[in-house]
Amino acid sequence: MGELTGKTLIVAGGGGHVAKALAKVFAREGAAVAGIDISDAALEGFTAAVKEVGGRSLAIACDLRDWDALKAAADRVAKEFGSIDILIYTATARTNPVWKGVEECTHAEMTELMEVGPNGNLGMMQAVFPYMKEKGGKIINFGSGGGRNATVGLGPYGVSKAAVHSLTKVAAKEWAKYKINVNSILPNAMSPNYARTLKEEPEKLAGTMPPLGWIGDPERDIGRVALFLATSASDYVTGQNLPVDGGVDMMM
Amino acid sequence: MAELSGKTLIITGGGGHVAKNLARLFAREGAAVAGLDISDAALEGFTAAVKEVGGKSLAIACDLRDWVALKAAVDRVAKEFGSVDILINAATARTNPVFKPVEECSHAEMTALMEVGPNGALGAMQAVFPYMKEKGGKIVNFGSGSGRGALPGLGPYGISKAAMHSLTKVAAKEWAKYRINVNGVLPFAMTPNMARTMKEEPEKITAYMPPLGWAGDSERDIGRVVLFLTSSASDYVTGQNLPVDGGVDMMM
């Protein structure tokens, strides 16, 4: 019997690389996993990942910028799975201007970052709140070292992630009385893009290797920390923005 | 098979309330547990706690202010247990001036706080370093919210804990290349003293009650987080000072 047997989970931004890995980790522990993302196509990999480990999944195409749609999605998950115990919000704008100076970021890009990032996160949290209010719950947001340390060139993204960190803390405080733990993970995770750059242009990443010496594996390194934050072992931890980054946070 | 079968663990300040509960939890997970404290008498409860769950223990009376004695104690643990995989620095000065304003703390009190606190922790870390350098290891230091938040009346203790937080970060950075993870736990744990006050003068405690609504249980709430930080699930987390405090940290 897995650690999360009988538990239900929503992963927002379910089609993303890390989200798929998380879905696999959580499904393996017995949780029923719902993925929410912009389109059915975006969620194909998510459904396949959960299927791979024999888990139960539900894919809901939904615009994360639309709070009514978020509420409808959460209601549907609750109806099909019987409850909502855990929310993981991993979504980021697809237009994420990863390497742009602050003077170059357009209004549209910034709005997109905020709407899909912290604002969608808040909308999703409000949507699951009625289901967690009586029996407690676990919410895990995805922040970023860029939101703590003002990484040059990563400003707009960092600004949106700083807002996620603040949301994490204030919701943790306000919802502590409902036994809803709200924490976030600030990951440094290997992605297909990252792997490609590492192979083709390693000089671009020179000096960015974490002190521990490797790039985090979404399942093994990030997923198991998310699992910790979603289980009773972390019942007494709330309002924390936890770097899971091989020590990068200390360098900044 | 338990999570820590075959692993060996040293707890400094082993006779303390939280330390005893940690020892029991770790022994239950299969670790061989060595406790270091000022006297044989101080370690009686430690040995009893490990025995309670059928674990393997070793009690070593040792003045934590004496780095030569620390080294001898650690060498003895390595000899008897065959290795040193985990170090938990839980010791605090017995003269801990918990409620003294900065103008009242004596030089002797401050020296004891530093010598038994961060300095003893550094001495113990240096003593285990040779055993962790080749194969990696996990170190968990006990910090305090008062070392982050400047609590009036708790200044001297907080100052010593701030030093501990800094030690955690710098050692994590320097020893990352050896795969030695160094993290801190900032607990809010129920102690016999607090339980007594809560019973006899509850009005004194009410104002300090964490947002989550209860004082942490040493084994269930604090112990399981320490367990996470000493198991492979946290291999990618280092240099972090993590409040495990029911949300107190957010209030400061």
Comparing A:Pro211, A:Ala233, A:Gly213 against chain B, the one with the most heavy-atom pairs below 4.5 Å turns out to be A:Ala233

Who among A:Ala172, A:Ser234, A:Gly216, A:Gly247 has the most heavy-atom pairs with chain B under 4.5 Å? A:Gly216

Taking all atoms of both residues into account, what is the closest heavy-atom pair of B:Phe46 and B:Gly35, and its distance? CZ-N, 3.1 Å

Partner of B:Glu219 under salt bridge (charged side-chain N to carboxylate O under 4.0 Å, His left out), chosen from B:Lys20, B:Arg224, B:Arg24: B:Arg24

Check whether more than 12 heavy atoms from other residues, nucleotides or ligands sit under 6.0 Å from atom NZ of B:Lys135, and answer yes or no. yes

Please look at A:Pro210 and chain B and tell me whether the side chain, the backbone, both or neither of the residue comes under 4.5 angstrom of a heavy atom of that chain. side chain

What part of A:Trp175 gets closer than 4.5 Å to chain B, counting heavy atoms only: side chain, backbone, both or neither? neither

Tell me, side chain or backbone of A:Asp217 under 4.5 Å from chain B's heavy atoms, or both, or neither? neither

Please classify the contact between B:Leu242 and chain A as side chain, backbone, both or neither, with a heavy-atom cut-off of under 4.5 Å. side chain

Count the heavy-atom pairs under 4.5 Å between each of A:Pro187, A:Pro243, A:Gly223 and chain B, then report the option with the highest count. A:Pro243

Hey, which of B:Val170, B:Leu212, B:Val244 has the most heavy atom pairs under 4.5 Å with chain A? B:Leu212

What option among A:Asn188, A:Thr238, A:Leu212, A:Val237 has the most heavy-atom pairs under 4.5 Å with chain B? A:Leu212

Please check if the number of heavy atoms outside B:Met198 that lie under 6.0 Å from its CE is greater than 12. no

Does a sphere of radius 6.0 Å around NZ in A:Lys24 hold more than 12 heavy atoms from other residues, nucleotides or ligands, not counting ones at 6.0 Å or beyond? yes

Which region of B:Pro210, side chain (C-beta onward) or backbone (N, CA, C, O), has a non-hydrogen atom less than 4.5 Å from a non-hydrogen atom of chain A, or is it both or neither? side chain

Can you name the closest pair of heavy atoms from B:Glu3 and B:Glu29 and give their distance? N-OE1, 3.0 Å

Counting only heavy atoms closer than 4.5 Å, note whether B:Tyr178 contacts chain A via side chain, backbone, both or neither. neither

Output yes when a side-chain donor or acceptor of A:His165 lies under 3.5 Å from a complementary backbone atom of A:Ser184, and no otherwise. no

Given A:Leu227, A:Asn181, A:Ile180, A:Ile215, the one with more heavy-atom pairs under 4.5 angstrom with chain B than any other is A:Ile215

Using the side chain to side chain donor-acceptor pair (under 3.5 Å) rule, pick out the option among B:Asn89, B:Asn183, B:Thr12 that qualifies with B:Asn141. B:Asn89

Using a cut-off of under 4.5 Å for heavy-atom pairs, which of B:Asn181, B:Asp217, B:Val225, B:Ile180 has the most such pairs with chain A? B:Val225

Residue A:Ile222 versus chain B: region with a heavy atom under 4.5 Å: side chain

Under a 3.5 Å distance rule, please check whether B:His165 uses its side chain to pair with a backbone N or O of B:Leu186 as donor and acceptor. no

Got more than 12 heavy atoms from elsewhere within 6.0 Å of NZ, A:Lys7? no

Out of B:Pro211, B:Gly246, B:Gly239, B:Gly223, return the one with the most heavy atom pairs under 4.5 angstrom to chain A. B:Gly246

